[in-house]
Amino acid sequence: MTTLYVLCGLPGAGKSTWARENAGRLQAVVVCSDDVRRDLEAEGRDPWDGDSVFAEVELRARGLLRADRSVVLDATHFQRRYRTYIQDVVSGIEVQRVGVWFVVPLEVCLQRNAGRNSLAFGDRRMPDEFVRALAEAFEPPGSDEFDEIVAVNP
């Protein structure tokens, strides 16, 4: 069955690394919000416009799912309200929805984040205050959102 894997975790939790390392095993295509942000930036558009970013993420993911390809959605997805678009992604498509919850201590995420030194999305260091705020507001994926939830600690 076609599967949609939705990654949920803080910056520095290892989501993108996990996606790259597991896409082949899962026979899935990675759709990464950071890639979309880079594409928008290259087009001269605002990469911080979350509505535009996730409209494109949704478009790419839905196209792949309709073509019977499994998808790994690589984004923070730190709150339920930021995961609601997933219902639109899978609308009318028979898809197994798997929430992949990155259970990584905040201090580990902050250490990994501190090691980032690129300006590219996904590799850029985020302010510690931002990562802490996401951690404080984080809402774990719920069984009412997904068919299955897998907790990982990479």
Side-chain angles (χ1 to χ4, degrees), residues 1-43 45 47 50 52-80 82-126 131 134-135 138-154:
M1 173 181 270
T2 305
T3 305
L4 176 65
Y5 301 91
V6 180
L7 309 188
C8 306
L10 299 176
K15 297 177 304 297
S16 296
T17 300
W18 187 93
R20 283 190 305 272
E21 290 176 354
N22 288 281
R25 177 181 63 82
L26 299 171
Q27 298 181 343
V29 177
V30 177
V31 176
C32 179
S33 63
D34 290 327
D35 292 342
V36 171
R37 289 180 193 283
R38 283 192 287 272
D39 293 348
L40 292 177
E41 189 173 53
E43 295 169 4
R45 296 169 56 197
S52 294
V53 170
F54 284 93
E56 181 62 25
V57 167
E58 179 182 331
L59 182 69
R60 292 178 187 187
R62 189 173 41 244
L64 288 162
L65 292 168
R66 283 188 177 155
D68 205 27
R69 300 290 312 271
S70 291
V71 172
V72 175
L73 279 182
D74 179 8
T76 305
H77 297 118
F78 77 101
Q79 287 186 316
R80 283 178 172 268
Y82 296 123
R83 298 189 291 260
T84 58
Y85 79 99
I86 293 162
Q87 295 308 316
D88 293 332
V89 170
V90 301
S91 179
I93 308 169
E94 188 172 330
V95 174
Q96 172 82 6
R97 296 167 301 144
V98 177
V100 183
W101 177 16
F102 287 75
V103 185
V104 180
L106 173 60
E107 292 308 315
V108 172
C109 294
L110 289 169
Q111 288 173 350
R112 291 176 181 169
N113 182 56
R116 294 177 173 173
N117 58 8
S118 174
L119 294 178
F121 285 99
D123 298 321
R124 121 182 357 180
R125 183 170 192 248
M126 304 305 288
V131 177
L134 292 184
F138 188 84
E139 296 173 344
S143 60
D144 58 326
E145 298 175 280
F146 299 101
D147 301 312
E148 178 183 355
I149 298 171
V150 177
V152 296
N153 185 345

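All values reported here derive from a predicted model rather than from experimental measurement. Numbers here simply count residues along the sequence, with the first being 1. All values below come from the heavy atoms of this structure, side chains included, with hydrogens, waters and symmetry mates left out.
- Shown here for Ser33 and Phe54, the closest heavy-atom pair between the two residues is CB-CZ, 3.8 Å.
- Across Cys109 and Leu10, no two heavy atoms sit closer than the pair SG-CB, 3.9 Å.
- When Leu7, Val100, Val31 are each tested for a side chain to side chain contact (heavy atoms under 4.5 Å, CB included) with Leu73, only one passes: Val31.
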Quiz: residues 55-63 side-chain donor-acceptor pairs under 3.5 angstrom, not counting sequence neighbours:
residue	atom	partner	partner atom	Å
Glu56	OE2	Arg60	NE	2.8
Glu58	OE2	Arg62	NH1	2.7
Arg60	NH1	Asp39	OD2	3.3
Arg60	NH2	Asp39	OD2	2.7
Arg62	NH1	Asp88	O	3.3

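- Judged by distance alone, the side chain of Lys15 and the main-chain N or O of Phe102 form no donor-acceptor pair under 3.5 Å.
- For Asn113, the side chain to side chain contact (heavy atoms under 4.5 Å, CB included) test picks out Arg116, Arg125, Met126, Asp128, Val131, with sequence neighbours left out.
- Among residues at least two apart or in separate chains, salt bridge (charged side-chain N to carboxylate O under 4.0 Å, His left out) pairs with a member in residues 140-154 are Arg80-Asp144, Arg80-Glu145, Arg83-Glu145, Arg97-Asp147.
- Take Glu43 and apply the side chain to side chain contact (heavy atoms under 4.5 Å, CB included) test, not counting sequence neighbours, and it matches Leu40, Arg45.
- Between Ala135 and Leu106, the shortest heavy-atom contact is CB-CD1, 3.8 Å.
- Contact check for Ile93 versus Thr2: no side-chain heavy atoms found under the 4.5 Å cut-off.
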Got a list of side-chain donor-acceptor pairs under 3.5 Å for residues 19-30, not counting sequence neighbours?
residue	atom	partner	partner atom	Å
Arg20	NH2	Thr17	OG1	3.4
Asn22	OD1	Arg25	NE	3.1
Asn22	OD1	Arg25	NH2	2.8
Asn22	ND2	Trp18	O	2.9

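- Between Asp34 and Asp74 there is no side-chain heavy-atom pair separated by less than 4.5 Å.
- Of the options Val6, Leu65, Val90, a side chain to side chain contact (heavy atoms under 4.5 Å, CB included) to Val71 is made by Leu65 and by none of the others.
- Under the 3.5 Å distance criterion, the side-chain polar atoms of Arg69 are left unmatched by any main-chain donor or acceptor of Leu64.
- In this view, Tyr82 satisfies the side chain to side chain donor-acceptor pair (under 3.5 Å) rule with no residue, not counting sequence neighbours.
- Side chains of His77 and Trp101 form no contact here, defined as non-hydrogen atoms less than 4.5 Å apart.
- Across Pro141 and Phe146, no two heavy atoms sit closer than the pair CB-CE1, 3.5 Å.
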